[in-house]
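This report concerns only the one structure given below.
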Amino acid sequence: MPEEIIIGAVLTQNTNWKNVSRAIENLKKALGENDILRKAEALSTEKLAELIRPAGFFNLKAKRLKALLAFLKAYDFDLNRLKSVPTDALRKSLLEVKGVGKETADSILLYALDKPVFVVDSYTKRLLKRLFNIDLQGYDEIKNLFESEYPPDLALYQELHGLIVEHAKRYCVKRPKCDECPLQENCYYASQLK
DNA sequence: CACCAGGCCCTAT
DNA sequence: ATAGGGCATGGT
């Protein structure tokens, strides 16, 4: 559900998905399934904060969510209208919303608005560092690296990001499980362990 | 008990 | 420019 993804993109900032889904359940229970963006925007920041409490940082995120919803209101919460905006311009607009940074913006673009942009997250950075010893600090530097290597295909970018997260989560944890990792033969970090 | 989780903004050097 | 602090819940 694209609407839930937009909300979830803000709620998941530095937070695990399990807590986020609880928060979203609260919202759905309180507001119903349809037109959730419009209804959420109409709530007070305090009420919103109460509902999203399980997601953590709830006061902060309530403000950020409200700011994003106010932006969407200018499009009458019509995601098809948003999609008709050129990707670059849309990304810029999203980044002007207070509380929406690059990862949040790109997650919305890729998973809610069907734009083939590469999403960089902490897992991506960790994987690049572990696997190839590539230590890029700049977000856009990493994004451009992937986008220059892969054709702009929506399904490809969605799957690629998903696979990166899945792999990094499973194997590139704090205490790396390199011995179980299917990529260990090609991994810089694993080779350093011995 | 300590540490972590799919960031972002603000402030102080 | 960039490092550091704050934001907060729930799981391991």
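Every chain is numbered from 1, with letters handed out A, B, ... down the list of sequences.
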**OP:** Mind calculating the distance between CG (A/Leu65) and C1' (B/dG7) to the nearest angstrom?
**Re:** 14 Å
**OP:** Round to the nearest Å and state the distance from A/Asn14 atom CG to C/dG10 atom P.
**Re:** 16 Å
Original post:
Would you call A/Arg91 and A/Asp140 a salt bridge, taking side-chain N to carboxylate O under 4.0 Å as the test?
Top reply: yes
Original post:
Phosphate oxygens OP1/OP2 of B/dG7: is one of them under 4.0 Å from a side-chain N or O of A/Ser122?
Top reply: yes
**OP:** Round to the nearest Å and state the distance from A/Phe57 atom CZ to C/dG5 atom C1'.
**Re:** 11 Å
Subject >> Value in whole Å for how far the C1' atom of B/dG7 lies from CD of A/Gln13 >> reply: 5 Å
Original post:
OP1, OP2 of C/dG11 versus side-chain N and O of A/Arg22: anything below 4.0 Å?
Top reply: yes
Subject >> Residue whose closest nucleotide on DNA chain B lies nearer the 5' end, A/Val165 versus A/Val100 >> reply: A/Val165
**OP:** Kindly confirm or rule out a cation-pi arrangement of A/Arg38 over A/Phe77, judged by NZ or CZ under 6.0 Å from the six-membered ring centre and within 45° of its axis?
**Re:** no
**OP:** Please tell me which of the listed nucleotides, B/dG7, B/dC9, C/dA8, lies nearest to the side chain of A/Thr104?
**Re:** B/dG7
Original post:
Which part of the nucleic acid, if any, lies within reach of A/Lys102 when heavy atoms closer than 4.0 Å are counted: base, sugar-phosphate only, or nothing?
Top reply: sugar-phosphate
**OP:** Assess the pair A/Tyr157 and A/His161: is the distance between their ring centroids shorter than 6.0 Å?
**Re:** no
Original post:
Which whole-number value in Å describes the distance from A/Gln137 CD to C/dT2 C1'?
Top reply: 11 Å
Original post:
Is there a donor-acceptor contact under 3.5 Å linking the side chains of A/Lys129 and A/Asn133?
Top reply: yes
Original post:
Looking for any heavy atom pair under 4.0 Å, which part of the strands does A/Tyr139 touch: base, sugar-phosphate only, or nothing?
Top reply: nothing
Original post:
How would you label the contact of A/Val119 with the nucleic acid (heavy atoms, under 4.0 Å): base, sugar-phosphate, or nothing?
Top reply: nothing
Subject >> Protein-nucleotide distance (A/Asn16, atom CG; C/dA8, atom P), rounded to Å >> reply: 16 Å
